[in-house]
2 protein chains.
Amino acid sequence: MDSGIKRPGVTSSEVARRAGVSQSAVSRTFTPGASIAPKTRAKVLAAAKELGYRPNAIARSLITNKSRIIAVVMAYLENLFYPDVLEELGRQLAAQNYRLLLFTGSMARDSDPVFDQIMQYRVDGIILASTSLSSELSEECAAAGIPVVLFNRTTERDAVSSVTTRNREGGRRIGEFLLAGGHRRFGYIAGLETSSTNRDRYAGFAEALAEGGHTDIAIGTGNYSRADAEAAAREMLALPDRPDALFVANDHMAVAVMDVARYEFGLSIPQDLSIVGYDDVGPARWTSYGITTMSQPLKRMVDATVDILMEQISSGEIEAEHRILSGELVVRTSARVPESGVVEIDGRRVFKPKG
Amino acid sequence: MDSGIKRPGVTSSEVARRAGVSQSAVSRTFTPGASIAPKTRAKVLAAAKELGYRPNAIARSLITNKSRIIAVVMAYLENLFYPDVLEELGRQLAAQNYRLLLFTGSMARDSDPVFDQIMQYRVDGIILASTSLSSELSEECAAAGIPVVLFNRTTERDAVSSVTTRNREGGRRIGEFLLAGGHRRFGYIAGLETSSTNRDRYAGFAEALAEGGHTDIAIGTGNYSRADAEAAAREMLALPDRPDALFVANDHMAVAVMDVARYEFGLSIPQDLSIVGYDDVGPARWTSYGITTMSQPLKRMVDATVDILMEQISSGEIEAEHRILSGELVVRTSARVPESGVVEIDGRRVFKPKG
DNA sequence: AACATTTTTGCATTCGTATGCAATACGGTT
DNA sequence: AACCGTATTGCATACGAATGCAAAAATGTT
């Protein structure tokens, strides 16, 4: 029962004994770039295989002071955008030989207790995707030399890095699009009112409408949750002169709003009501919804996030960096299409006014 | 710059010095149940707070030989069922004071390389949710004393624990339901043909239909993926005498099939075509789809999974355990409703034939 | 007050690996 | 064969916390 069957606690010393070398030699065999003779290395590898040895990442972390673990905090996964992000993060972190420690479930809403866990595991980096961190804690991270990246959100104090898209421009583009579509009464279903993302999207939207001479916008709050969005939609669509154009702060809520509009109010979309969303998440592309939406370049956002992290980890310099990407307004069937400004790019219809 | 500001590598020894006690005392302060005088404890806590000390989980793991980390392997998150599972797992594991190391992204499809990572981190348990593990590897885990639980799948060799639902009975119930609805031509859109879940669901379905005198079932393969399911639906619905009743192996695919049926073939559901799914995942409840589906009791499945894990971890005994739960056939609008057998429970309509 | 018990404490060691340093082996030159 | 430079190797120690053990302190008993 020694060859083939692998015992739990095979250590480098056991392998060393078996191979007739020192423990150091074993360590060096498994450390890329270490000084080790090919012949010795071969002996060690043979012994290791026989015993089923695998380096103990815990012990390694202890001495190298690098865990090769990235903490990802995502309070909720209800919105498919986040699972998609998570999957891409998993792919990219694995490619960089990092592991992903996930914090999710409601407890992550208040990130402070989670934070303690994160610190205890001496993670090499932190990605905050649907939760924020008190500025106090982000300072603590900076002090501890742990890079933090906010994904799809920012804070006023720009002490912590972030990856976002041009939400304000996105909101503005949506406003222009709906104006160009000849709508008269506008509504906005908000996400979490405290989130920077929501604030910016609305600001851009209101700006564009104001320029078109519209200053009254019906407002409901969906808190990025399906249930709240439905409630907000019910209220708004029951208004005496209900909007004929709705900007919903993300697709996840837009889907809910469409269902309410169609099946509870019997409205035809887009004949009676135009709806525009944000994110371009899976269901937005499903034929039943076909949501016209501002896309967020998920892959490039993840690229940027991992990039910032890797750079800060390797350099040891934690200087807040803000990457801001652009999406495009993908035109589908949930909103009336303007006469002009819609162009076709790579088989996708996109709203690009003017030049 | 010493009080308040927290340095990275505060160790228990530093805290000990500050508090005027031994390192052991510090350790005991942070070890529940250890022998420590309240007075000493208070001194230590004060010093710890001052210095911003947090126990180093890595070092602790090394000596206790317990990482308090559970590895979760989920190859893909496209199907919302899995993010929901993940969120609940996050909640429950956190409640038990365990961390969740997530392996996702395509690389997890072939679990063997992932496995190496898992072993290196000396995780306390493994949950395999949308990937399998070669029997060789599961044996290795058993030998290493690491509990493994298959979530929503099984293997023939029952050496490894699993949590599933009665897929065969579920398939059978769906067959009965569609027969009771008076359908004549049946189709099945399969998941991954290698998966136990798919096999069992189909077996039960075919069984029920056979008892009703129907032995020819049109079959397409969706591989649990949206794109494949769409292709399979296109093919099947173009058949000269296309089915009037379709069992789609999960809701994620059923949604895609509905879109194809409605918008590419102009079919009315359920007038022209009845569709039944499996899982009762979010979109199945959305009004646009209203999928009649076999529910899987997600929360109870996660309960069982965590329960098995905790039990095996604490006992050290790894004896394969198989928990099999039941769901119910939730009746919505995507399939013709039989004259009898549909009852209302807690506001949900459920198909419960006979007694 | 003297002794017996119990609680608390510190010492020293351990977990498994990485690494600076000095010692050794190896390869090539002359 | 003697020598030098480089490539390998082993030794010893460090990482940060947990814990068995024995010493010390606190508590209780008579």
Side-chain angles (χ1 to χ4, degrees), chain A residues 6-45 47-48 51-69 116-117 119-124 144-145, chain B residues 6-45 47-48 51-69 119-124 144-145:
Chain A
K6 302 159 185 193
R7 287 200 308 94
V10 186
T11 74
S12 58
S13 303
E14 296 181 77
V15 175
R17 199 174 320 127
R18 176 78 157 220
V21 299
S22 73
Q23 180 266 326
S24 317
V26 177
S27 169
R28 288 193 251 260
T29 296
F30 289 93
T31 306
S35 164
I36 185 86
K39 214 181 115 191
T40 314
R41 184 186 162 79
K43 273 195 299 186
V44 171
L45 285 176
L51 299 175
Y53 168 76
R54 291 177 218 275
N56 183 327
I58 301 283
R60 172 176 293 177
S61 297
L62 183 57
I63 192 151
T64 60
N65 204 26
K66 303 205 157 309
S67 59
R68 297 202 79 86
I69 290 178
D116 238 74
Q117 303 298 329
M119 293 303 276
Q120 293 196 6
Y121 278 91
R122 301 299 197 260
V123 300
D124 291 346
Chain B
K6 302 160 184 193
R7 287 201 308 96
V10 186
T11 76
S12 58
S13 303
E14 297 182 78
V15 175
R17 198 173 321 128
R18 176 79 158 221
V21 298
S22 72
Q23 180 265 324
S24 319
V26 177
S27 169
R28 287 193 253 260
T29 296
F30 290 94
T31 306
S35 164
I36 185 88
K39 214 182 114 193
T40 313
R41 185 186 161 78
K43 273 195 298 185
V44 171
L45 285 177
L51 299 175
Y53 169 76
R54 292 175 217 276
N56 182 327
I58 301 282
R60 171 177 293 176
S61 297
L62 182 57
I63 192 148
T64 60
N65 206 26
K66 302 204 159 308
S67 60
R68 297 201 82 84
I69 291 178
M119 293 303 277
Q120 292 197 7
Y121 277 90
R122 301 298 196 263
V123 299
D124 291 345

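Every chain is numbered from 1 and lettered A, B, ... according to where its sequence line falls, protein lines coming before strand lines. No hydrogens, no waters, no symmetry mates; every other heavy atom, side chains included, goes into these values.
Among the protein residues, Ile36(B) comes within range of the sugar-phosphate backbone only, with heavy atoms under 4.0 Å from sugar or phosphate atoms but none that close to a base.
One atom, NZ of Lys66(B), and another, C1' of dG16(D), lie 19 Å apart when rounded to the nearest Å. The nearest whole Å value for the distance from the CZ atom in Arg17(B) to the P atom in dG16(D) is 12 Å. Remark: P of dA18(C) and CD1 of Ile58(A) are 13 Å apart, rounded to the nearest angstrom. Atom CG of Leu51(B) and atom P of dG16(D) are 14 Å apart (whole Å). Separating the NZ atom of Lys43(A) from the C1' atom of dG10(D) is a distance of 13 Å, rounded to the nearest angstrom. Atom CG in Asn56(B) sits about 14 Å away from atom C1' in dA14(D), given to the nearest Å. Put simply, CZ on Arg68(A) is 16 Å from C1' on dT17(C), counting in whole angstrom units. Remark: P of dG16(D) and CZ of Arg122(A) are 8 Å apart, rounded to the nearest angstrom.
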Practice prompt. Please step through side-chain contact (heavy atoms from CB on, under 4.5 Å) for the pair Asn56(A) and Arg60(A), ending with a clear verdict.
Written response: CA-CA 6 Å; Asn56(A) 183 327; Arg60(A) 172 176 293 177; over 6 Å; no
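Contact detail for Arg28(A) and Ala34(A): the closest heavy-atom pair is O-CB, 3.6 Å. Annotation for Val44(A) and Ala19(A): closest pair CA-CB, 4.1 Å, computed over non-hydrogen atoms.
If you take OG1 on Thr11(B) and CG on Leu51(B), they are separated by 9.0 Å, rounding to the nearest 0.5 Å. Rounded to the nearest 0.5 Å, atoms CD (Gln117(A)) and CZ (Arg54(B)) are 10.0 Å apart.
For the pair Phe30(A) and Pro32(A), the minimum side-chain heavy-atom distance is 4.5 Å or more. Proximity of Pro55(B) to Gln120(A): side-chain heavy atoms (C-beta onward) are separated by under 4.5 Å at one or more points.
Each of Thr31(B), Val21(B), Ile36(B), Leu45(B) was compared with Val26(B) under the side chain to side chain contact (heavy atoms under 4.5 Å, CB included) criterion, and only Val21(B) meets it.
Remark: Ser22(B) is in phosphate contact with dG10(C), judged by side-chain N or O atoms under 4.0 Å from OP1 or OP2. Residue Ser12(A) has a polar side-chain atom (N or O) positioned under 4.0 Å from OP1 or OP2 of dT17(C).
Applying the ring-ring contact (aromatic ring centres under 6.0 Å, His included) rule to Tyr121(B) yields no partners; only residues at least two apart in sequence or on another chain are considered.
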Atom pairs under 3.5 Å, N or O on each side, protein against nucleotides 24-26 of chain D: can you list them with distances?
none

Short N/O separations, protein against nucleotides 18-23 of chain D, under 3.5 angstrom:
residue : atom : partner  : partner atom : Å
dA18(D) : OP1  : Arg60(B) : NE           : 2.4
dA18(D) : OP1  : Arg60(B) : NH2          : 2.9
dA18(D) : OP2  : Ser27(B) : OG           : 2.6
dA18(D) : O5'  : Ser27(B) : OG           : 3.4
dA18(D) : N7   : Gln23(B) : NE2          : 3.3
dA18(D) : N6   : Gln23(B) : OE1          : 3.1
dT19(D) : O4   : Ser24(B) : OG           : 3.3

